[in-house]
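Please read the structure below before turning to the comments.
All values reported here derive from a predicted model rather than from experimental measurement. Residue numbers count from 1 along this sequence.
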Amino acid sequence: MAAETGSQCGGCGKWLGLAPGYTVRALGQQWHPECFRCAGCQQPLTLNGGANTFAVGHDQQPYHEACHKQLFHPVCSVCKQYIPEGPSGQTEWREHPFWRLKQCPSHYADGSVSCCSCGRLQPLADEWASLQDGRHLCLECLDTLVVDTKDAQPLYDEILGFFAHMGMPHPYKAPLLLVEGPVLDEYAHKEGRRQDAAHAPMFSVRGLCVAHVYTTIPSVVRAVGQGLGFGAAPVSSIATRMAPLQQHCSVSALLVMYGLPRLLLGSIVAHELMHAYLRMRHVTGLPLQVEEGLCQLVAMLWLDSQDFWAKQQQGGYQERLLSYLGYQIRTDTSEVYGDGFRIAMEKFQMRGLKALVEHVIAHGQWPNWSA
């Protein structure tokens, strides 16, 4: 502390020389003791004519250390405690890239559960719903839970209508079944889908289009103009040809894991219905990136169509979940699903979904369209 004259107070702006007493020099300025206040609680930062230890916030304002910690120190969304310093002496935390929730790194190794829909970790003080297979749902996702096969049918019909509106009606309605994880795993293994599960955390392990592919047995067909009746040519001159091979597909069912909220379930059903549409058009053997990219595109387009519905729901959470599911698709880094979606979206924006799908069916690859 020192008597100062000829300067303006950093707080009230008055000339310090016009008021008797001591001043505080801090933050490159001089202050009346009663004007040097915490930007948090607005209480003076001086005591008995002296300045307390203070902290400077991100806004370059002075704070009591306790106020600064309360306002700026990260709090864990799980344990609700201040996140402690790590071995390096710095405060380290993990943050969800979409929800922007900060958590102690230890909670990713201590058995803390996450919501199987939105991916958030469960706060210790909250009670979440537990499903029989060990999955958990937060209360917000639980609000639109689709429990079983019967409950899913209205949503299924809605998504079939979405396909018809996009110019791609399904020739027939395959059964949609909500099943437990082991059943889904069993049929996924039979369909050869487990090898790509690591590249599709949302779709490949939660939904499956069960289809049967069969090929006609090649048979002999008489050549045009040749006969085998009276007056026919000698046997030595009879000409025949092989009937061309024909491949047919039939979709037995769509299997989707039970116990998911409406928006997540719907996006998975839309994804699997795109697989079903291709099979019903007798298309198989597409490059994995092409087929899965198309399916992700359709899932994204269906999610986009749900914006009005989400806005009608109370609380705003369904809008956030809708954004999160779209974020999951857009930011997928895998070559098959992520890059496949981005290529499909680029082509879709050029000529639309119907033209894109028809090109893939006809040529078995991405179109070489220019912008």
From [X] [atom1] over to [Y] [atom2], what is the distance, rounded to the nearest 0.5 angstrom?
| X | Y | atom1 | atom2 | result |
| --- | --- | --- | --- | --- |
| Ser305 | His165 | OG | NE2 | 9.0 Å |
| Trp128 | Gln122 | CH2 | CD | 5.5 Å |
| Lys347 | Leu297 | NZ | CG | 13.0 Å |
| Arg320 | Trp99 | CZ | CH2 | 5.5 Å |
| Ser117 | Arg206 | OG | CZ | 7.0 Å |
| Ile268 | Leu255 | CD1 | CG | 12.5 Å |

Please tell me whether [X] and [Y] are part of a single hydrophobic cluster in this structure, the criterion being side-chain heavy atoms less than 4.5 Å apart.
| X | Y | value |
| --- | --- | --- |
| Leu288 | Tyr337 | yes |
| Met274 | Leu353 | yes |
| Met350 | Leu301 | yes |
| Val75 | Trp93 | no |
| Leu155 | Val147 | yes |

Could you tell me which non-hydrogen atom of [X] sits nearest to which non-hydrogen atom of [Y], and how far apart they are?
| X | Y | result |
| --- | --- | --- |
| Leu137 | Gly259 | CD1-O, 3.6 Å |
| Cys79 | His107 | SG-NE2, 3.5 Å |
| Leu176 | Ala152 | CD2-CB, 4.0 Å |
| Pro33 | Val24 | CA-CG2, 4.1 Å |
| Thr149 | Leu178 | OG1-N, 3.0 Å |
| Gln289 | Trp366 | OE1-NE1, 3.3 Å |

Is there a side-chain contact between [X] and [Y] in this structure, where contact means two heavy atoms from C-beta onward sitting under 4.5 Å apart?
| X | Y | answer |
| --- | --- | --- |
| Leu273 | Val298 | no |
| Leu278 | Leu286 | yes |
| Tyr258 | Gln132 | yes |
| Tyr63 | Leu71 | yes |
| Leu177 | Val183 | no |
| Leu294 | Tyr277 | no |
| Leu121 | Ser114 | yes |
| Glu158 | Gln306 | yes |

Self-check item: Chi angles and distances behind the side chain to side chain contact (heavy atoms under 4.5 Å, CB included) call for Ser250, His212
Solution: CA-CA 5 Å; Ser250 64; His212 297 286; 3.8 Å; yes
Quiz item: Do His275 and Leu254 pass the side chain to side chain contact (heavy atoms under 4.5 Å, CB included) test, and can you show the C-alpha distance, the side-chain angles, and the key distance before you say yes or no?
Solution: CA-CA 10 Å; His275 283 300; Leu254 301 182; over 6 Å; no
Check the surroundings of atom [atom1] in [X]: do more than 12 heavy atoms from other residues, nucleotides or ligands lie under 6.0 Å from it?
| X | atom1 | value |
| --- | --- | --- |
| Asn368 | CG | no |
| Lys354 | NZ | yes |
| Gln312 | CD | yes |

Quiz prompt | Side-chain donor-acceptor contact under 3.5 Å, Trp309 with Gln318 | solution =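 The criterion, which ignores hydrogens and geometry beyond distance, is not satisfied for Gln318 and Trp309.
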Quiz item: In terms of side-chain heavy atoms, does Glu292 have a donor or acceptor partner in His271 at a distance below 3.5 Å?
Solution: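 His271 and Glu292 do have a side-chain donor-acceptor pair below 3.5 Å.
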Check for a donor-acceptor pair, side chain of [X] on one end and backbone N or O of [Y] on the other, with a separation under 3.5 Å.
| X | Y | result |
| --- | --- | --- |
| Trp31 | Ala26 | yes |
| Tyr172 | Val251 | yes |
| His363 | Ile361 | no |
| Ser323 | Glu319 | yes |
| Lys102 | Pro74 | no |
| Arg37 | Gln42 | yes |
| Glu272 | Cys209 | yes |

Quiz item: Quick one: salt bridge (charged side-chain N to carboxylate O under 4.0 Å, His left out) partners of Arg342, sequence neighbours excluded?
Solution: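 With sequence neighbours excluded, Arg342 shows a salt bridge (charged side-chain N to carboxylate O under 4.0 Å, His left out) to Asp339, given in chain and number order.
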Salt bridge check, [Y] against [X]: does any charged N sit closer than 4.0 Å to a carboxylate O?
| X | Y | answer |
| --- | --- | --- |
| Arg120 | Glu140 | yes |
| Glu291 | Arg279 | yes |
| Glu180 | Arg135 | no |

Quiz item: Mind checking whether His170 and Phe163 have parallel, tilted or perpendicular rings, split at 30° and 60°?
Solution: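 Correct class here is perpendicular.
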Practice problem: Kindly assign one of parallel, tilted or perpendicular to the pair His68 and Phe72, based on the angle between their ring planes and the thresholds 30° and 60°. | Solution: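 Judged by the thresholds at 30° and 60°, the geometry between His68 and Phe72 is tilted.
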Quiz item: What do the steps show when you test Arg330 against Met345 for side chain to side chain contact (heavy atoms under 4.5 Å, CB included), and what is the final call?
Solution: CA-CA 10 Å; Arg330 292 192 304 273; Met345 177 59 77; over 6 Å; no
Exercise. Let me see the working for Val56 and Leu27 under side chain to side chain contact (heavy atoms under 4.5 Å, CB included), right down to the final yes or no.
Key: CA-CA 9 Å; Val56 180; Leu27 303 180; 3.6 Å; yes
